[in-house]
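Notes follow once the structure below has been shown.
Counting convention: from 1, in listed order, for ligands and their atoms alike. Residues: numbered from 1 along the sequence shown.
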Amino acid sequence: MPQLAAIADDFTGATDLATMLVTRGFRTVVTVGVPEGGSGDAVAGADAVVVALKSRTAPTARAVADSVAALRALRAAGCERFYFKYCSTFDSTPRGNIGPVADALLDELGAPGTVVVPAFPATGRTVYRARLFVHDDLLDESPMRDHPLTPMRDSHLGRLLAPQTVRPVHQVRHETVRAGADAVRAALDEPRARGALTVVDATTDDDLRAIAAATAGMPLVTGAAGLALGLTGPRGGQGSARARSAGRGPGAILSGSASAATRAQVGHARGLLPSRAVDPEALRAGLDGAVAGLVAFVTDCWRADPTRPPLVYAAAEETAVPGSAGHADGAGTARLVETALARCATALVAAGARHLLVAGGETSGAVVTALGARALRIGAPLAPGVAWAHTEATVDGAARPVDLALKSGNFGGTDMFTTAWGALS
Ligand code: ADP
């Protein structure tokens, strides 16, 4: 029975937390959406389960309903400790969804209050005097200021949270955190903190460890993946909590991301691996034929050398990607590219692929959905927030084992596309 259950508000956020939990000694499963039937096979043998929802920018009522449904399913599976995972840049609007989901989960658990800990110093997110920094900038001076869906125009977590919650918002200052876990516990025990959402300062990993120790008895904590640094799972050190891989078989890279880091990864891999660009014009002219051509390219490469994973990519350094804002059909083309890569994924798994590295958050979502993957057992880490994950795909009605590495756009070093394969056991 999982001893820790997390509810994540987006897909790559779920894998980010799950990767951290594996390094902390939890055998970890990510479920795509609410696990069916309460317990079920999906979470069997796991020490931690992370439910990946799409609740970050969903209508608030939907986000609350999905989160509560996840909590109920996890409680039915026997879980007693919960972790609501959101982004370390606190992505939300005055309506939510962080505050309303935290309130609903607390109400469901019958718990009065909890902590709010978005700090993740390893990725430059620190909280001091309740203000959230992104590296050297306050949140509202970082690029998050102009995020298309969740523009962050304030850096004070108390002010951001107040319109989102029915609870009072309280604060534990950095001096208290520095004084250690007992001091934090005492501060959280004060009457004005007990029924509140309490923003806790943290600027270092040691701060996060102190907060994690102080909150070990709380039924619910909330934060980014950094807070999990302070947790220790039953398998202790790294490695032992990893899942097995899908075994020998060919692999491929499907890159649908247009982010700067991915374009550099594509540039590096193009010099070393067989590669083929996705041509949006060709997709528009005939999706079936274009997808068949990409799949034939990969399978021909496998025949020539099954040890080298071919790369299919939608954007390289030189590719001009139409932004949906400036181009009438930008969003349409983006979805078409996602569909094409998802169809490539199912065709390649049907053709025997055992390993797929997928670049792009939306692209990853499309691929996982197309493959019918319900649960991912987190395996070898590749980079902070990215790991191979073992799953069972359902293609043409048949179950097939496959390893997926799902990488959101800006994650990973330049050589990730070529080095990732060495991590498979
Ligand atoms: P990231 O994690 O880098 O944001 P996503 O997969 O979430 O990556 O988003 C990238 C989007 O850009 C996807 O919808 C993808 O289909 C689209 N895209 C990538 N390359 C192109 C291209 N050449 N033309 C149009 N859209 C593209």
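Polar contact check, A320 against ligand 1: no nitrogen or oxygen pair lies under 3.5 Å apart.
Under the 4.0 Å criterion applied to side-chain N and carboxylate O atoms, D154 and R145 are not assigned as salt-bridge partners.
Set against the non-hydrogen atoms of G361, the atoms of ligand 1 under 4.0 Å away are 1 (P), 2 (O), 5 (P), 6 (O), 7 (O), 8 (O). Under a 4.0 Å criterion applied to the non-hydrogen atoms of E362, ligand 1 contributes the atoms 5 (P), 6 (O), 7 (O). Proximity to V337 (heavy-atom distance under 4.0 Å) selects the following atoms of ligand 1: 16 (O). In summary, the atoms of ligand 1 found under 4.0 Å from a heavy atom of T363, numbered by their order in the structure, are 6 (O). Heavy-atom proximity to G409, at under 4.0 Å, picks out these atoms of ligand 1: 1 (P), 2 (O), 3 (O). Using a 4.0 Å cut-off to heavy atoms of S257, the atoms of ligand 1 that qualify are 1 (P), 3 (O), 8 (O).
Residues satisfying the ring-ring contact (aromatic ring centres under 6.0 Å, His included) test with H174, not counting sequence neighbours, are Y128.
At least one heavy atom of T333 sits less than 4.0 Å from an atom of ligand 1.
Between the K407 side chain and the G409 main chain, a donor and an acceptor come within less than 3.5 Å of each other. Under a 3.5 Å cut-off, the side chain of Q265 and the backbone N or O of F411 do form a donor-acceptor pair. Side chain of D47 to backbone of R235: no donor-acceptor contact under 3.5 angstrom is found.
Heavy-atom proximity to atom 26 (N) of ligand 1, evaluated over A334, G332, A315, is greatest for A334. The residue from A359, A316, A314 that puts a heavy atom closest to atom 23 (N) of ligand 1 is A314. Checking S408, G256, A340, S259 against atom 11 (C) of ligand 1, the nearest heavy atom belongs to G256.
Separating the CZ atom in F82 from the CD atom in E108 is a distance of 9.5 Å, to the nearest 0.5 Å.
Paired with D10 under the rule salt bridge (charged side-chain N to carboxylate O under 4.0 Å, His left out), one option of K54, R56, K85 passes, and it is R56. When each of R276, R263, R270 is tested with Y313 by the rule side-chain hydrogen bond (donor to acceptor under 3.5 Å, both in side chains), just one qualifies, namely R270.
With a 4.0 Å heavy-atom cut-off, ligand 1 is reached by the side chain of T319 but not by its N, CA, C or O.
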